[in-house]
Protein chains: 2
Amino acid sequence: MLQRISSKTVSAREVRPALAALQPVENATLALRVYRGLREMLMAGQVQPGQKLTLRELAGALGTSPMPVREAVQRLAVEGALEALPNRTIRVPVMTKTRFREVRRIRIALEGLAVEEATRHLRAPDFARLEKYNGEFTRGLQRRHPDLSRVFRANKELHFAVYEAAAMPVLLGAIESLWLQIGPVLYLSLRTRADYRGRSPAPDWHSRLLGALRRRDAVSARRALEGDLMSAGEQILAEGELPE
Amino acid sequence: MLQRISSKTVSAREVRPALAALQPVENATLALRVYRGLREMLMAGQVQPGQKLTLRELAGALGTSPMPVREAVQRLAVEGALEALPNRTIRVPVMTKTRFREVRRIRIALEGLAVEEATRHLRAPDFARLEKYNGEFTRGLQRRHPDLSRVFRANKELHFAVYEAAAMPVLLGAIESLWLQIGPVLYLSLRTRADYRGRSPAPDWHSRLLGALRRRDAVSARRALEGDLMSAGEQILAEGELPE
DNA sequence: CTAAGTATAATGTGATCACATATCAACCTT
DNA sequence: AAGGTTGATATGTGATCACATTATACTTAG
């Protein structure tokens with residue numbers, strides 16, 4: 001969360017139609033690209049919780065000097081996606097069950113607020129996109145061998161499409177930070193399961209959520225979101241093999 | 001905001017009573033000390049919103065190289081206490097009225113959750129400390145020329161003593177991050193007012209909160225906190241001269 | 001006189017180096 | 001054999017330097 005503020009200068013493509021073909025050039029700092037790379041790696045669950053990381057090792061793998069890695073790692077540590085131990089070593093945080101439950105409660109508070117607020121902002125054209133994401137999600141789950149990374153992406157896009165509609169940037173940043181902490185565990189714990197089919201939550205919380213949003217029923221929308229987070233969380237707690 | 005994880009090794013003072021007089025030695029990195037210094041500066045409202053900062057300037061003032069300042073500033077930017085513009089310049093964020101209202105809503109959600117949870121954890125001896133802070137706060141306000149920094153500190157200590165009792169570390173970090181964003185505005189806007197006496201909130205929300213906590217009445221405790229945040233916020237919005 | 005272009009100064013970024021500290025193994029002492 | 005010591009290796013931290021980019025002031029064309 002909290003990338004650099006996006007540039008507000010008028011882009012040239014709008015001024016000169018002849019230059020419309022120009023792609024925006026990559027302008028980000030090296031540290032920012034390293035940050036995004038590590039972030040992806042974490043959210044995709046490609047590193048084991050508790051694993052120790054060294055700056056030089058990461059720098060070597062990424063082909064940079066340790067400097068930008070330092071910034072990126074430090075940033076992820078502030079967000080809770082990595083852990084800076086007092087020994088001055090860095091490791092992937094271990095998500096305990098109690099910690100998972102705590103994050104779930106915070107998520108219900110914050111994402112519930114976002115859903116309530118989004119109820120007042122969502123317009124008809126928005127729902128097309130929401131339905132599309134929800135379709136990808138449910139269809140992905142019904143496949144014989146679900147591509148979990150696609151399913152998770154659709155789930156994330158659905159949730160954040162709603163949250164962004166709330167138009168509360170600070171809140172959005174806080175929610176993203178929590179997803180970053182939960183992401184690796186979520187993916188890892190579900191990836192270990194052989195069969196995910198038929199486990200779609202008994203009440204289809206996503207559809208209930210979208211229905212409530214269409215009716216501008218903030219209370220029901222919040223309740224549907226709570227159901228979604230609680231039931232998904234119970235699956236993780238039951239089968240995710242979290243310590244403690 | 002996730003400092004380094006505190007060391008869990010058994011401190012020597014508990015093992016050998018003879019060494020009880022030993023003070024813990026300063027072990028933090030330079031970057032961490034710079035971070036704390038800047039943090040204090042921001043929370044105390046010693047810099048103007050919108051003011052631009054440069055690394056070399058800060059480093060010169062602090063007597064260090066730009067390096068640790070870089071880390072500290074980057075960290076504060078992640079937490080939202082500073083702003084990294086796309087021009088690669090750093091400035092103190094400007095708090096608009098709408099942004100202030102958004103943060104207030106998030107605070108009510110998070111700090112309300114903390115209060116509810118604290119209701120189940122607070123024990124009799126805890127209340128002595130809470131009453132002490134509350135006493136400092138109200139007495140400080142009744143003075144002819146209130147020392148606002150003392151009043152704010154007492155207020156902060158009271159609130160966080162409750163939040164810490166909730167025993168939810170992730171939640172505590174999120175709340176601290178919000179206070180860090182609000183702090184400078186809070187102090188600045190109130191400092192400009194000539195007279196603060198007699199403005200103590202009509203219903204004494206702090207006392208109501210403590211009373212509800214004693215009775216283990218989570219609902220009333222949350223309501224008291226909401227009243228506190230809302231009424232304090234209205235004062236800022238009315239007299240704080242925030243832009244927009 | 002206004003706006004575009006240009007030169008100079010200043011700033012953040014990234015690389016490299018030096019150093020204090022932590023980690024771990026082998027070794028020694030009791 | 002257990003606890004302590006010592007030495008070697010590796011790691012994060014901070015300083016210094018080089019460079020691309022940005023900001024600012026100045027100049028110049030229209």
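What you see below is based on every heavy atom in this structure, not just the backbone, and it leaves out hydrogens, waters and symmetry mates. Proteins get letters first, then strands, A, B, ... in listed order; numbering begins at 1 in each.
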Interatomic distance where CG belongs to A:L85 and C1' belongs to D:dG12 [whole Å]: 13 Å

Which comes earlier along DNA chain C counting from the 5' end, the contact point of A:L30 or that of A:R56, where each point is its nearest nucleotide? A:L30

Any side-chain heavy atom of B:I90 sitting closer than 4.5 Å to one from B:L55? yes

Residues in contact with DNA chain D, drawn from residues 58-74 of chain A - heavy-atom cutoff 4.0 Å: A:M67, A:R70

Is the shortest side-chain N to carboxylate O distance from A:E244 to A:K97 below 4.0 Å? no

Should B:E79 and B:R39 count as an ion pair when the cut-off is N to O under 4.0 Å? no

Going by heavy atoms in the side chains, are B:L130 and B:L122 under 4.5 Å from each other? yes

Can you give each donor-acceptor pair under 3.5 Å made by side-chain atoms of residues 150-158 of chain A, sequence neighbours left out, with the distance rounded to 0.1 Å?
from: A:N155; atom 1: OD1; to: A:H159; atom 2: NE2; distance (Å): 3.4
from: A:N155; atom 1: OD1; to: A:H206; atom 2: NE2; distance (Å): 3.2

Between the side chains of B:R104 and B:E234, is the shortest nitrogen-to-carboxylate-oxygen separation below 4.0 Å, so that they form an ion pair? yes

Compare the minimum distances between each of D:dG12, C:dT13, D:dG14 and the side chain of B:L55, then state the nucleotide with the smallest one. C:dT13

Grab the CG-C1' distance between A:L32 and C:dG12 for me, whole Å please. 14 Å

Nearest whole Å is fine: how far is C:dG12 C1' from B:K52 NZ? 14 Å

Answer yes or no: is there a side-chain heavy-atom contact under 4.5 Å between B:L171 and B:Y163? no

Writing each nucleotide of DNA chain C 5' to 3' as (, ), [, ], | or . by Watson-Crick or G-U pairing under 3.5 Å yields ||||||||||||||||||||||||||||||

Side chain to side chain, A:Q46 and A:E40, heavy atoms closer than 4.5 Å: no

Distance test, side-chain N/O of A:N87 to OP1/OP2 of C:dT21, below 4.0 Å: no

